[in-house]
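A short write-up of the structure that comes next.
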Amino acid sequence: MFTGIIEEIGEITAIAPAGDGWRLTVRAPRAAADAVHGESIAVSGVCLTVVGSTPDTFDADVMKQTLDVAALGGAAVGTRVNIEKAMPVGARLGGHIVQGHVDGTGAVLEVRPGAQWSVLRISLPNDLAPLVVDKGSISVDGTSLTVSAVSAPADASAWFEVSLIPETLAATTLGTRAVGDRVNLETDILARHVERLLAFRAAPEGGSR
C-alpha cells in the first residue's frame with residue numbers, strides 16, 4: 001500500500017531480460033539504503049518486489065503483463081522514475097490510497113505553465129473515464145494528485161487535468177513531462193469498488209456471478 005507521496009526520483013541503470021519480462025536495476029539511494037529482499041517499492045506507480053539491493057540500487061522483476069499495461073514498458077536505461085516505499089503501519093496518509101496496480105496509461109495532451117504551477121491535460125482511456133471525477137484523486141506515475149478538470153461524458157475523447165504545485169514539479173518526474181509522453185494511471189480504489197458493485201446490482205437476476 002502506498003500514499004502517492006514521492007520520496008525521491010530514481011534512475012533505471014540496467015535492464016536485463018528475465019523470461020518474458022525484465023529485471024530492472026534502479027538507482028535510488030534513499031529507498032535502497034534500507035531495502036530488504038521481498039519488500040515493495042513503487043516505481044512510477046508500479047508496485048515492484050525487491051529481489052536484490054546495494055546501498056544505492058535495488059533490483060526488481062517486472063512481468064510481461066505489467067510491461068504491456070504500464071508505461072514502464074517503454075523505459076530504457078537512463079529513464080528517471082518516481083520512487084515510493086510502502087507505507088508503514090501507523091504512518092499518516094498524506095496522499096490517498098494507492099495500490100501500485102496500474103489501470104492503464106494516458107498521454108500528455110497539453111502542458112500549460114503558470115507563474116507558480118503547471119497544468120497537465122492527460123488523455124484517459126474510455127473505460128477509466130467513469131472513475132475520474134473533478135476534485136477526486138488519481139495517481140499519475142505514482143504521484144497522488146487532485147483532478148482539477150475532467151472531460152464531459154459526451155466528449156468523444158476522455159481527458160482530465162491536474163494542477164502541479166512547485167514542490168510536485170521539483171520532487172517528481174512530472175515536472176519534465178512533455179506533450180506525447182505516456183504516464184501510468186491508477187484510479188481511486190473506492191471508485192473501482194463502487195463501479196463493480198453497481199455492475200452486479202444492474203445485472204439481470206439469475207445472471208452469471
Side-chain angles (χ1 to χ4, degrees), residues 2-28 31 40-50 58-86 95-96 98-111 118-129 131-132 137-147 150-151 157-162 164 168-169 171-189 192:
F2 306 92
T3 69
I5 304 300
I6 304 305
E7 299 175 42
E8 66 179 315
I9 296 177
E11 180 182 343
I12 295 175
T13 59
I15 300 175
D20 61 357
W22 289 352
R23 174 161 291 187
L24 296 183
T25 299
V26 181
R27 184 181 182 278
S40 296
I41 297 179
V43 177
S44 286
V46 180
C47 179
L48 299 179
T49 301
V50 174
F58 67 88
D59 298 330
D61 291 332
V62 188
M63 60 184 172
K64 183 179 184 300
Q65 181 187 11
T66 301
L67 295 175
D68 290 343
V69 171
L72 201 57
V77 171
T79 295
R80 298 165 77 238
V81 289
N82 294 325
I83 301 295
E84 182 190 358
K85 300 190 76 173
H96 72 283
V98 177
Q99 294 182 298
H101 302 160
V102 173
D103 293 318
T105 63
V108 177
L109 301 175
E110 184 182 353
V111 179
S118 184
V119 176
L120 298 186
R121 177 173 289 195
I122 300 170
S123 67
L124 187 62
N126 287 333
D127 61 322
L128 300 183
L131 306 176
V132 180
S137 296
I138 192 167
S139 168
V140 179
D141 275 349
T143 307
S144 174
L145 298 170
T146 300
V147 176
V150 67
S151 57
S157 299
W159 54 264
F160 70 96
E161 291 183 352
V162 288
L164 310 179
T168 304
L169 294 170
T172 77
T173 60
L174 297 179
T176 59
R177 287 302 189 185
V179 172
D181 287 350
R182 298 206 68 80
V183 292
N184 292 321
L185 304 177
E186 181 185 332
T187 56
D188 191 340
I189 180 61
R192 297 202 301 273

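The basis for the numbers below is simple: all heavy atoms, side chains too, and nothing from hydrogens, waters or symmetry mates.
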_Any non-hydrogen side-chain atom of Arg177 less than 4.5 Å from a side-chain atom of Ile122?_
no

*Hey, what do you get for CD1 (Ile5) to NE2 (His96), rounding to the nearest 0.5 Å?*
9.5 Å

*Which pair of non-hydrogen atoms, one from Asp61 and one from Leu48, has the smallest distance, and what is that distance?*
O-CD2, 3.9 Å

*Rounded to the nearest 0.5 Å, what separation is found between the SG atom of Cys47 and the CD atom of Gln99?*
9.5 Å

*Starting at OG of Ser118, measure out to CD of Glu110 and round the result to the nearest 0.5 Å.*
10.0 Å

*Do the non-hydrogen side-chain atoms of Val26 and Val81 ever get within less than 4.5 Å of each other?*
yes

*Looking only at non-hydrogen atoms, find the nearest pair between Lys85 and Phe2 and report the distance.*
O-CD2, 3.5 Å

_Side chains of Asp188 and Leu131 in contact at under 4.5 Å (non-hydrogen atoms)_ = no

*Ile12 versus Trp22: any side-chain heavy-atom pair under 4.5 Å?*
no

*Under the side-chain hydrogen bond (donor to acceptor under 3.5 Å, both in side chains) test, which residues partner Thr187, sequence neighbours left out?*
Asp103, Arg192

*Is the backbone N or O of Ser44 less than 3.5 Å from a side-chain atom of Asn184, with the two atoms forming a donor-acceptor pair by type?*
yes

*Approximate separation, where rounding is to 0.5 Å, of Asn126 CG and Ser157 OG*: 7.0 Å

_Pairwise distance OG1(Thr105) to CG(Asp141) - rounded to 0.5 angstrom_ = 10.0 Å

*Which heavy-atom pair separates Val147 from Val162 by the least distance, and what is that distance?*
CA-CG1, 4.4 Å

*Under 4.5 Å between any side-chain heavy atoms of Phe58 and Val43, yes or no?*
yes

*Could you check if a side-chain atom of Leu185 sits within less than 4.5 angstrom of a side-chain atom of Val140, using non-hydrogen atoms only?*
yes

*How about Thr173 and Asn82: does a side-chain donor come under 3.5 Å of a side-chain acceptor?*
yes

_Euclidean distance, Ser139 OG relative to Leu145 CG, rounded to 0.5 Å_ = 7.5 Å

*Taking the side chain as C-beta and beyond, is there a heavy-atom pair between Ile83 and Ile41 under 4.5 Å?*
yes

_Heavy-atom side-chain proximity of Glu186 to Val98 below 4.5 angstrom_ = yes

*Any donor-acceptor pair under 3.5 Å linking the side chain of Glu8 with the backbone of Ala31?*
yes

Could you give the side-chain donor-acceptor pairs of residues 70-80 under 3.5 Å, partners two or more places apart or in another chain?
from  : atom 1 : to    : atom 2 : distance (Å)
Thr79 : OG1    : Ala76 : N      : 2.9
Thr79 : OG1    : Ala76 : O      : 2.9

*For Ala158 and Ser151, which heavy atoms make the closest approach, and how far apart are they?*
CA-OG, 3.3 Å

